[in-house]
Amino acid sequence: MTSTDSASYTAVAKILHWLIAATIIFMIILGYCFDYIPRGETRFYFIQLHKSIGISILLLSFVRLAWRLTHHAPPLPASMPVWEQRAAHIGHVFLYVMMIGVPLSGWAMVSASPMHIPTILFGLMPWPAMPGAGQLNNFINLDDLHAVAAYTLGALAVGHAAAALKHHFVSRDDVLLRMMPACFASCLSRARQK
Ligand code: HEM
Ligand code: HEM
């Protein structure tokens, strides 16, 4: 079967998936690099950028979740064992929880910071502090929470990408193709047939 004969995700789902996936990967790399950027203007610039992209991911993830709750995903291949279908579903739920939880933890962390550095989205729009974040910081170290949550999301995304590639190259079904933009899907489909 080729990508074109099986049910595919809609354009909206694909755009949101790849936009959020690419920015999350960029954000984890950027976050990891903070330790290597000396304190000063450059570091300040990149932290502001990180915060702006992070809040954008939060807003886009809410849009994506709302979209998902009002639309059905295309059915998984009938050849997939029930346990694997359940595992995929649980994995996707975790990804949604973390896509929203990680930026929320970052927002809480900067809101609770005694430095009170304002968050100005892309240097244009002030973003408020999270109400109650100061109290939350008394119960849990929000810096640690943000770091652990972000790297956990990274690990989940690696497992998720590995599963998608396994579908394409080992199970040889259309699970990867149906999330791909049409042009990539036909190239990948042809490459697999060779
Ligand atoms: C999906 C979204 C996000 C991802 C994947 C992400 C990822 C990361 C990672 C990996 C680190 C480094 C952690 C460490 O090694 O200690 C980090 C640090 C940080 N993040 Fe995020 N983050 C996200 C959203 C946000 C948001 C929304 C904010 C604030 C509005 C934020 C603020 C920060 C700050 C201030 C730091 C610490 C910089 C420092 O070392 O001083 N992040 N983030
Ligand atoms: C941080 C990165 C990523 C996140 C947060 C993410 C998140 C998600 C989520 C939540 C879904 C479920 C969609 C739904 O039905 O609502 C999904 C589906 C999918 N993702 Fe990702 N993804 C990421 C990266 C990737 C990568 C790198 C690949 C490919 C190598 C990939 C391939 C797929 C495929 C093929 C599906 C469809 C699965 C199916 O039909 O059941 N994703 N992704």
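For the single chain, residues carry numbers from 1 onward in sequence order. Every number for a ligand or one of its atoms is a count from 1 in the order of the listing. For clarity, every value in this text was computed on a predicted model and none was experimentally measured.
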Hey, what's the ring geometry for His160 with His17, parallel, tilted or perpendicular (30° and 60° as the breaks)?
-> tilted
Classify the ring geometry between His71 and Trp67 as parallel (under 30°), tilted (30 to 60°) or perpendicular (over 60°).
->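 His71 and Trp67: parallel rings.
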Considering only non-hydrogen protein atoms, determine which one is nearest to atom 37 (C) of ligand 2 and report residue, atom name and distance to 0.1 Å.
->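 Going atom by atom, the protein heavy atom closest to atom 37 (C) of ligand 2 ends up being Tyr9 CE1, 3.6 Å.
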I'd like to check whether [X] has a polar contact with ligand 1, where a contact means an N/O of the residue lying under 3.5 Å from an N/O of the ligand.
X      : answer
Arg43  : yes
Tyr151 : yes
Tyr32  : no

Quick check: do [X] and [Y] have side-chain heavy atoms less than 4.5 Å from each other?
X      : Y      : value
Ile57  : Met99  : no
Lys51  : Trp107 : no
Thr152 : Val148 : yes

Does CZ in Arg43 sit with more than 12 non-hydrogen atoms of other residues, nucleotides or ligands closer than 6.0 Å?
->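 Yes, CZ of Arg43 has more than 12 neighbouring heavy atoms, counting only those of other groups under 6.0 Å.
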In this structure, are over 12 heavy atoms from other groups packed under 6.0 Å from His89 atom NE2?
-> no
Please work out, at 4.0 Å between heavy atoms, whether the side chain, the backbone, both, or neither of [X] comes within that distance of ligand 2.
X      : value
Leu76  : side chain
Phe26  : neither
His167 : neither
Ala21  : both

Checking contacts here: is it the side chain or the backbone of [X] that comes within 4.0 Å of ligand 1, counting heavy atoms only? Could be both or neither.
X      : answer
Ala150 : side chain
Arg39  : neither
Ile47  : side chain
Val110 : side chain

The atom of His146 among N, O or S that is nearest atom 21 (Fe) of ligand 1 is NE2
From Val97, Asp173, Leu95 - option closest to atom 7 (C) of ligand 2 by heavy atom =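 Ranked by closest heavy atom to atom 7 (C) of ligand 2, first place is Leu95.
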Closest heavy-atom approach to atom 21 (Fe) of ligand 1 among Met98, Met27, His50 is made by His50
At the 4.0 Å heavy-atom cut-off, does Leu176 count as touching ligand 2?
->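 A heavy atom of Leu176 does come that close to ligand 2.
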Would you please determine whether Arg64 falls within less than 4.0 Å of ligand 2 on a heavy-atom basis?
-> yes
With atoms numbered from 1 as shown, which atoms in ligand 2 lie under 4.0 angstrom from a non-hydrogen atom of Trp18?
->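 Checking each atom against Trp18, I get 26 (C), 28 (C), 29 (C), 31 (C).
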Find all atoms of ligand 2 within a distance of less than 4.0 Å from any non-hydrogen atom belonging to Ala157, and give their numbers and elements.
->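 So the answer, numbered in order with elements, is 1 (C), 2 (C).
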Checking ring pair (Phe, Tyr, Trp, His ring centres under 6.0 Å) against His50, which of Tyr45, Phe122, Phe34 comes through?
-> Phe34
Heavy-atom contacts with Met109 under 4.0 Å: which atoms of ligand 1 show up? List them by number with element.
->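 By the 4.0 Å cutoff, the relevant atoms are 19 (C), 20 (N), 32 (C), 33 (C), 34 (C), 35 (C), 36 (C).
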Do any nitrogen or oxygen atoms of Tyr96 come within less than 3.5 Å of a nitrogen or oxygen of ligand 2?
-> yes
Rounded distance [0.5 Å steps], NE2 in His146 versus CD1 in Ile140 | 13.5 Å
Inter-residue atom distance Ile37.CD1 - Phe44.CZ, 0.5 Å rounding = 13.5 Å
N/O/S from His160 sitting under 2.8 Å away from atom 21 (Fe) of ligand 2 | yes
